[in-house]
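Within every chain, numbering begins at 1; the chains are lettered A, B, ... in the order of the sequence lines, protein sequences first and strands thereafter. Just the heavy atoms: all of them, side chains too, but no hydrogens, waters or symmetry mates, feed the values below.
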Number of protein chains: 2
Amino acid sequence: MLSHASLLDRSPAVAGGTPGRCASCGARGNALCASVDEAGLTALHALGRRRILPSGQVFNWAGDRNNHCAMLVDGMLKVTASTSDGREQIVELLFPGDFVGELFEEDATLTISALCETDLCAYPRIAFERTLEQHPRMERMLLHHALAALGDARARMLALGRRNARERIAGFLLDLVERTGRPAPGGGVRIAIPISRGETADYLGLTIETVSRQLSRLKAQGILAFAKGDRDCTVLREDRLHTILNPV
Amino acid sequence: MLSHASLLDRSPAVAGGTPGRCASCGARGNALCASVDEAGLTALHALGRRRILPSGQVFNWAGDRNNHCAMLVDGMLKVTASTSDGREQIVELLFPGDFVGELFEEDATLTISALCETDLCAYPRIAFERTLEQHPRMERMLLHHALAALGDARARMLALGRRNARERIAGFLLDLVERTGRPAPGGGVRIAIPISRGETADYLGLTIETVSRQLSRLKAQGILAFAKGDRDCTVLREDRLHTILNPV
DNA sequence: CGTATGGTTGAGCCTCCTCAAGCGCTGTGG
DNA sequence: CCACAGCGCTTGAGGAGGCTCAACCATACG
């Protein structure tokens with residue numbers, strides 16, 4: 001699953017061509033890097049270090065100095081905000097090709113950690129920002145990324161502020177269908193819930209128990225099918241998920 | 001309060017100097033425009049139309065074509081997301097100097113409306129985006145703006161997903177103190193809640209009644225003082241608001 | 001085999017929502 | 001000038017949705 005980059009690939013950039021590590025990078029196609037010209041890619045390559053983060057390990061703690069950012073090559077990260085007494089809210093989920101980190105901030109306000117073994121291309125934050133200044137096309141891509149993330153965050157604010165548990169679960173499942181759904185053999189759509197019940201709860205602003213109960217209820221109603229405790233499931237009635245999410 | 005710009009200021013840009021309308025613009029100091037060079041400002045000026053939005057009027061409806069964006073010169077806007085059955089969530093409040101609109105989107109997903117008489121400098125969206133491409137410094141400013149908005153949105157997601165009513169109110173009041181607080185004559189900090197109870201509820205993901213009750217409770221506890229139904233109030237015990245927001 | 005982890009399910013409770021009534025202010029029309 | 005409607009806000013009573021606490025099950029792992 002993970003690509004076979006060494007932990008510290010320092011192969012020198014090849015002048016005039018796509019640098020070796022980048023050429024073989026799994027994220028080359030859909031990442032920020034995709035629309036960067038050769039010069040920009042070479043500059044990035046000189047800065048970047050390939051790094052593998054074991055499952056559960058954190059990339060950066062809220063409150064620590066914000067020294068690094070990265071491109072996510074393979075795996076998954078969660079970005080969490082916390083209250084002082086330890087309540088957690090997953091503020092974003094990161095997938096291959098996504099930008100990782102908080103730019104232009106001295107100290108990190110969010111904790112970023114790996115949901116599974118995760119492969120990323122890490123840069124010193126300051127140097128990355130300087131490179132950005134010299135490559136307007138990269139800056140433009142990042143602007144697009146930031147605006148997309150902002151749109152996402154706003155949709156989630158609506159869910160967290162105004163939707164009940166059932167609607168949040170329906171919306172979450174529909175997001176998964178849209179992002180990773182594949183037709184199931186016997187009809188319906190197969191999806192894999194990429195995170196645990198607890199993480200789903202932290203993502204949707206609910207508790208583990210409520211998430212579990214709502215999923216069970218969807219199963220009892222024949223809308224969703226899954227083996228007990230399983231993250232692989234198939235959506236049998238996508239239409240009914242839509243009517244749950246959009247009532248009246 | 002509002003500046004006296006005509007509804008349609010089409011005075012031609014002055015080559016080599018700050019265009020007349022911009023020079024006298026109240027937002028010139030802290031807006032996107034502030035860090036744009038002469039050439040960029042001239043380009044923007046050629047595009048912009050000064051426009052006054054009466055209180056309550058909408059700048060753009062969710063679902064409509066997304067033809068315009070703007071710089072907020074004076075007044076206040078709210079940006080709302082809605083469910084299909086009419087529940088509303090205020091997703092952002094906009095103040096003078098803020099950028100208004102959704103870039104790079106064919107159709108608007110959010111409704112933007114005026115909370116009071118509001119003065120803005122509106123641009124055709126596509127033309128604005130093209131101008132952006134030619135002025136990397138503007139693009140950089142917008143990136144900063146977008147990242148700041150994203151940071152805000154994430155803090156609000158934590159509040160909406162994980163904080164109770166009392167904590168949300170405390171956080172809201174502390175935000176106002178930080179943004180607009182002025183020392184009160186008899187001690188404490190004077191603030192003006194800039195929106196109605198109903199809008200506060202839509203902003204915090206609560207109901208009008210809960211907002212009202214929580215404010216009354218803070219008053220009864222001597223933390224906050226205000227006349228019945230009044231939006232002007234003084235925070236008597238800022239420290240206690242902090243301990244409400246950050247328990248344990 | 002015992003423990004740990006993740007998930008499900010149940011019982012009871014609490015916070016916040018819903019519904020309703022009432023207050024004070026403003027603006028309007030008779 | 002007063003009556004009245006409308007709006008924003010407050011306050012109360014009751015109910016429901018989701019949280020808390022707890023028990024239990026299945027699987028993985030040492």
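- OP1 or OP2 of C/dC17 sits under 4.0 Å from a side-chain N or O of B/Thr210.
- Comparing B/Gly229 and A/Lys228 by the nucleotide of DNA chain D that holds the closest heavy atom to each, the one mapping nearer the 5' end is B/Gly229.
- Under 4.0 Å is where a charged nitrogen must lie from a carboxylate oxygen, and between B/Asp232 and B/Arg190 no such pair does.
- For B/Ser212, whose side chain is taken as the heavy atoms from C-beta onward, the closest listed nucleotide among C/dT8, C/dC16, D/dT11 is D/dT11.
- A/Arg231 places its CZ atom 15 Å from the P atom of C/dT5, with the value rounded to the nearest Å.
- Ion pairing between a basic and an acidic side chain is recognised when a charged N comes within 4.0 Å of a carboxylate O; A/Arg87 and A/Asp202 show no such pairing.
- The separation between B/Asp230 atom CG and C/dT26 atom C1' is 15 Å, rounded to whole Å.
- Rounded to an integer number of Å, the gap from B/Leu218 CG to D/dT10 P is 12 Å.
- Going from atom CZ of B/Phe226 over to atom P of D/dG8 covers 17 Å, rounded to whole Å.
- D/dA26 atom P lies 16 Å from atom CZ of A/Arg197, rounded to whole Å.
- Looking at B/Glu105 and B/Arg65, no side-chain N of the basic residue comes within less than 4.0 Å of a carboxylate O on the acidic one, giving no salt bridge.
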If you restrict it to nitrogen or oxygen atoms, what contacts under 3.5 Å exist between nucleotides 10-12 of chain C and the protein, and what is each distance?
from   : atom 1 : to       : atom 2 : distance (Å)
C/dG10 : N7     : A/Arg213 : NH1    : 2.8
C/dG10 : O6     : A/Arg213 : NH2    : 3.4

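- A donor and an acceptor atom, one from each side chain of A/Glu209 and A/Ser212, are nowhere located under 3.5 Å apart.
- Between B/Thr207 and C/dC17 there is a side-chain polar atom (N or O) within less than 4.0 angstrom of OP1 or OP2.
- Residue order along DNA chain C, read from the 5' end via each residue's closest nucleotide, puts A/Lys219 first among A/Arg162 and A/Lys219.
- For the pair B/Leu206 CG and D/dC9 P, the computed distance is 15 Å after rounding to whole Å.
- The shortest distance between side-chain heavy atoms of B/Leu204 and B/Ile169 falls below 4.5 Å.
- Nearer to the 5' terminus of DNA chain D, by closest-nucleotide assignment, is the contact made by B/Ile208 (compared with the other of B/Ile208 and A/Arg163).
- Electrostatic pairing of B/Arg154 and B/Asp152 does not count as a salt bridge here, judged by no charged N lying under 4.0 Å from a carboxylate O.
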Working for side-chain hydrogen bond (donor to acceptor under 3.5 Å, both in side chains), residues A/Glu102 and A/Thr109: CA-CA 8 Å; A/Glu102 304 173 71; A/Thr109 61; 2.7 Å; yes
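- Taking atom CG of residue B/Asn164 and atom C1' of nucleotide D/dT20, one finds them 15 Å apart after rounding to whole Å.
- Here C/dT15 presents its C1' atom at 13 Å from CZ of B/Arg166, a figure rounded to the nearest Å.
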